[in-house]
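These notes concern the structure reproduced below.
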Amino acid sequence: MGRPSFFSTRYNSFKFAFKGMTAVFRSEPNMHLHVLASIIVFVMAYRFEVTRMEWCLLIFCVGMVWMAEIFNTSIETLTNLVSPDYNVLAGKTKDLAAGAVLMAAITAAVIGLVIFVPYWIAYVKG
Ligand SMILES: Nc1ncnc2c1ncn2[C@@H]1O[C@H](COP(=O)(O)OP(=O)(O)OP(=O)(O)O)[C@@H](O)[C@H]1O
């Protein structure tokens with residue numbers, strides 16, 4: 001049997017990465033909140049007809065928060081494997097990973113406010 005081709009190994013890598021992404025959507029309630037928030041943001045962006053650059057910033061923020069949540073889930077899973085019993089360092093590891101998600105979410109929220117507040121004000125003023 002020959003070596004697997006370049007394309008079949010790349011195809012498998014994408015398949016495993018996609019499996020990881022969908023696993024987070026299925027197992028993490030926080031991810032459902034991120035998805036809901038992302039839908040609200042994109043609907044508002046469409047409704048207010050934000051600029052191309054603002055679309056890019058919003059898409060970047062959504063991607064950053066989703067990526068942080070996937071890393072967080074990965075770190076939590078590995079921590080549970082390595083240290084299923086109580087351990088101060090295991091707790092600290094999980095707290096740090098959760099802190100990274102919070103940091104990404106706060107940054108995204110601030111950028112969202114900077115973009116949307118002027119549109120909200122213009123909308124209210126008519
Ligand atoms: N093995 C452990 N040893 C010590 N503290 C732990 C351990 N596992 C969890 N903790 C503490 O409990 C908190 C919650 O851990 P848990 O595994 O329940 O994460 P989670 O609630 O699923 O997180 P998230 O909401 O981000 O998915 C951790 O942030 C940590 O402070």
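One-based numbering, in listed order, for ligands and for the atoms of each. One is the number of the first residue; the rest follow in order along the sequence.
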* Protein contact for atom 18 (O) of ligand 1 (heavy atom, distance under 4.0 Å) -> no
* Asked: Is there a protein heavy atom at a distance of less than 4.0 Å from atom 6 (C) of ligand 1?
  -> yes
* Closest approach of any protein heavy atom to atom 11 (C) of ligand 1, naming residue and atom -> Gly91 CA, 4.4 Å
* **Shared hydrophobic cluster, Met44 / Tyr46 (ILVMFWY, side-chain heavy atoms < 4.5 Å)** => yes
* Is the shortest distance from a heavy atom of Asn80 to ligand 1 less than 4.0 Å? -> no
* Structure fact -> In short, Leu58 meets Ala45 closest at the heavy-atom pair CD1-CB, 3.8 Å
* Asked: With side chains defined as the heavy atoms from C-beta onward, is the minimum distance between Leu57 and Ile115 less than 4.5 Å?
  -> yes
* Asked: Would a 4.5 Å heavy-atom cut-off, applied to side chains only, mark Phe71 and Val101 as touching?
  -> no
* Structure fact -> Within the 4.0 Å heavy-atom cut-off, what Thr73 brings close to ligand 1 is neither
* So, do Glu49 and Glu54 sit near enough that their side-chain heavy atoms are less than 4.5 Å apart? -> no
* Sidechain-backbone polar pair: His34 side chain, Val65 backbone, donor-acceptor under 3.5 Å -> no
* To do: Considering only non-hydrogen protein atoms, determine which one is nearest to atom 1 (N) of ligand 1 and report residue, atom name and distance to 0.1 Å.
  => Asp85 O, 3.2 Å
* When you measure from atom 24 (P) of ligand 1 to every protein heavy atom, which one gives the shortest distance, and what is it? -> Glu76 OE2, 3.1 Å
* **Sub-4.0 Å protein heavy atom next to atom 21 (O) of ligand 1** => no
* To do: Report the part of Thr79 (side chain from C-beta onward, or backbone N, CA, C, O) that has a heavy atom under 4.0 Å from ligand 1; answer both or neither where that applies.
  => neither
* Asked: When you measure from atom 25 (O) of ligand 1 to every protein heavy atom, which one gives the shortest distance, and what is it?
  -> Asn30 ND2, 3.5 Å
* atom 15 (O) of ligand 1: the protein heavy-atom neighbour that sits closest, reported with distance to 0.1 Å -> Lys94 CD, 3.9 Å
* Asked: Nearest protein heavy atom to atom 4 (C) of ligand 1, by residue and atom, and its distance?
  -> Asn87 O, 3.0 Å
* Is ligand 1 less than 4.0 angstrom away from at least one heavy atom of Ser83? -> yes
* Structure fact -> Nearest heavy-atom approach of Val41 to Phe116 is O-CZ, 3.7 Å
* Taking only residues two or more places apart in sequence or in another chain, which ones pass side-chain hydrogen bond (donor to acceptor under 3.5 Å, both in side chains) with Lys92? -> none
* So which protein heavy atom does atom 31 (O) of ligand 1 come closest to, and at what separation? -> Asp95 OD1, 2.7 Å
* Asked: Under 4.5 Å between any side-chain heavy atoms of Trp66 and Phe25, yes or no?
  -> yes
* Asked: Can you check whether Asn72 has an N/O within less than 3.5 Å of an N/O in ligand 1?
  -> yes
* Show which atoms of ligand 1 fall inside a sub-4.0 Å distance from at least one heavy-atom site of Ala90. => 1 (N), 2 (C), 3 (N)
* **N or O pair under 3.5 Å between Glu28 and ligand 1** => yes
